[in-house]
Amino acid sequence: MKLSAASLRAAAQRLFSPALLAYGIAGAVAAASFLSTLVLARLSGAAVIGEYALAISTANMLASFALLGLDRILVREVAGDLRVGMLARASGVVRAITIMVAAVSGVTAILYAGGLALTPLLPWLGGSPVAMMLVALAILVIPMQRLGYSILRAKGAPLAGQFFEALPTLLFAGAALLALGLGLVLTAPQAVGLTVLMQLVTALVAALLVVPVVRGWSAPRDPVDRRLLFAGVPLMAILFLQLFSDWLLLARISSTMGVGDVGPFRVAVQVTTIIATLVTTTESYVAARYAGDFRAGRPDLAWRRHRRATLLMAAMSAPLLLLLLLAPGDLLAHAFGPEFAGAATALSIMAMGQMFAIARGPLGSMLTMSGNDRVQLGLTVVGVALAALLALLLVPRFGLTGAGLAQAAPIMFRSVAGYLLARRLIPDRPAERSAERPAEEPPA
């Protein structure tokens, strides 16, 4: 049977479709993150991973605060503006948001460094003083890097944006492999310093790409409404509270059981993050498309994207989910070492939580881009309260198993409640002003 040129072109288009390439990048990131954690575990042991996890968790949490949710607002506003040709407004939004985030990042970093030096937080946590102080640098760098790849996504280059989001992880994995080849034993401060350095390199390269693009748009004619600069506060609160929930679990384990037990739990979280990456990748990939759908009055197209993405995520995650449910102890012991096998039960429990997240699909971006930020915030607040309560009650009594329950329960709650609310709030039909338009099939 001969294949025609048209059929070969169609097959190539499917093979190199943006959606598949996006998941390919996500897979590379998940593999790199897993590999770097594996190398760090083998080189330095559970205690160093515990100290590193505390510092990076703190950095991500405070960087999310410094962003004020404006990376998502940037995608929503700029993608919508570009879709309808409002280049001057898009340029003004990018500039105003960048200035705002830079100022808040600086203030946050100063307050954090002062608080670390003047309060008993560090002795209570038991982490590395140098690693925790390096977090102040991360607070300055991470928000700028995130704004860079958000601009790329907003202008219709989701793969480029995803690549720059992934680049720090890929670079850190390369550095970890180099340390392994040289026989170096990394300390927690060295690992944190490498992470911040990779974020800085990525932010600088992203800036070299996005600054000429923004300058090529029309110059802003009108000042940006100041209310826009605070429109992301509900989004910031959502992400900040979720990260705070993760940080609180690590802090509770460290203060109750010791920093050495943070390492095995962090490794278990890292393994389930491979599945969580599918969700976050899909959320990021479809966010700008959702924004365009809702701006055009076509929520029905957004629901079509959601259904397709959910099925794809389920198919891709099924093999790993089975492994985590059936043989978690073997995976941890053989891959990371016997000292990490104590988190096996927690790993299975957290894998069950990720099953709910996969079944929910990329619903977070849909709620955000449709303007239902307060719904997301309400779900997150309840989830964090649930996580905090379970962490306080279960970790002292059940150890890492209790921590796994505290981590998985909020995910299950947000998944079920979020889907039910989205079905109620977002119609699966065109808006009235678009009802006369012929339906267009959304790209994969």
M198 versus A175, closest heavy-atom pair with distance: CE-CB, 4.0 Å
Ignoring hydrogens and geometry, is there a side-chain-to-backbone donor-acceptor pair from S44 to A41 under 3.5 Å? no
For residues V130 and M133, determine if any side-chain heavy atom of one lies less than 4.5 Å from a side-chain heavy atom of the other. no
Can you check whether H306 reaches L363 side chain to side chain, under 4.5 Å on heavy atoms? yes
About how many Å separate CD1 of I358 and CG of L311, when rounded to the nearest 0.5 Å? 11.5 Å
Which pair of heavy atoms, one from D71 and one from L147, lies closest together, and at what distance? CA-CD2, 4.1 Å
Is there a side-chain contact (heavy atoms from CB on, under 4.5 Å) between V279 and I275? Walk through the geometry before answering. CA-CA 7 Å; V279 179; I275 300 172; 5.6 Å; no
In this structure, are over 12 heavy atoms from other groups packed under 6.0 Å from R42 atom CZ? yes
Backbone N or O of L367 within a donor-acceptor pair of the S370 side chain at under 3.5 Å? yes
More than 12 foreign heavy atoms under 6.0 Å from CZ of F413: is that the case here? yes
Going by heavy atoms in the side chains, are I426 and R423 under 4.5 Å from each other? no
Distance in Å, Q270 CD paired with T37 OG1, rounded so as to fall on 0.5 Å steps: 3.5 Å
Is a side-chain donor or acceptor of T272 paired with a backbone partner of V269 at a separation under 3.5 angstrom? yes
Between L67 and M236, does a side-chain contact (heavy atoms from CB on, under 4.5 Å) hold up when you go through it step by step? CA-CA 7 Å; L67 269 168; M236 177 273 289; over 6 Å; no
As an exercise, state the distance from CG of L405 to CG of L394, rounded to the nearest 0.5 Å. 6.0 Å
Do the side chains of M366 and W303 get nearer than 4.5 Å, heavy atoms only? yes
Is a side-chain donor or acceptor of T98 paired with a backbone partner of V94 at a separation under 3.5 angstrom? yes
Using modelled atom types only, decide if a donor and an acceptor are shared between the side chain of R252 and the backbone of L392 within a distance under 3.5 Å. yes
Using 0.5 Å steps for rounding, measure from the CG atom of D246 to the CZ atom of R266. 9.0 Å
Answer yes or no: does atom CZ of F65 have more than 12 heavy-atom neighbours from other residues, nucleotides or ligands under 6.0 Å? no
Do T310 and P362 have side-chain heavy atoms sitting under 4.5 Å apart? yes
Is D81 salt-bridged to R89, cutoff N-O under 4.0 Å? yes
Donor-acceptor contact below 3.5 Å, side chain Q145 vs main chain F164: yes
Start with the C-alpha distance between V101 and S105, add both sets of side-chain angles, then the distance that settles side-chain contact (heavy atoms from CB on, under 4.5 Å), and finish with yes or no. CA-CA 6 Å; V101 170; S105 298; 3.8 Å; yes
Please check if atom OH in Y112 has more than 12 non-hydrogen atoms from other residues, nucleotides or ligands closer than 6.0 Å. yes
Does a donor on one side chain sit under 3.5 Å from an acceptor on the other, for Y149 and R153? no
Mind checking whether F240 and F244 have parallel, tilted or perpendicular rings, split at 30° and 60°? parallel
Please report the closest heavy-atom contact between T119 and G115, naming both atoms and the distance. OG1-O, 2.5 Å
Over all heavy atoms of both residues, which pair between P264 and A343 is shortest? Give the atoms and the distance, please. O-CB, 3.5 Å
Nearest heavy-atom contact between A268 and L347 is O-CD1, 3.4 Å
If you count heavy atoms of other groups shown closer than 6.0 angstrom to CE of M352, is the number above 12? no
Evaluate whether atom CE of M100 has more than 12 neighbouring non-hydrogen atoms of other residues, nucleotides or ligands under 6.0 angstrom away. yes
Sub-3.5 Å donor-acceptor pair from the side chain of S254 to the main-chain atoms of L250, do we have one? no
Applying side-chain contact (heavy atoms from CB on, under 4.5 Å) to R304 and L301, what does each step give before you reach the verdict? CA-CA 5 Å; R304 290 189 204 178; L301 298 184; 4.1 Å; yes
Interatomic distance, CG@L228 vs CD1@I97, rounded to 0.5 Å, equals 5.5 Å
Under 3.5 Å, side chain of S348 to main-chain N/O of L324, donor-acceptor pair present? yes
Side chain to side chain, I49 and F340, heavy atoms closer than 4.5 Å: yes
Taking side chain as C-beta onward, heavy atoms only, is F172 less than 4.5 Å from Q199? no
Can you measure from OG (S317) to CE (M313) and round to the nearest 0.5 angstrom? 7.0 Å
Could you tell me which non-hydrogen atom of G418 sits nearest to which non-hydrogen atom of L379, and how far apart they are? CA-CD1, 3.5 Å
Y52 and T195: side chain to side chain donor-acceptor pair (under 3.5 Å), yes or no, with the steps? CA-CA 10 Å; Y52 173 76; T195 299; 2.9 Å; yes
Would you say the side chain of M257 lies within less than 4.5 Å of the side chain of L400, judging by non-hydrogen atoms? yes
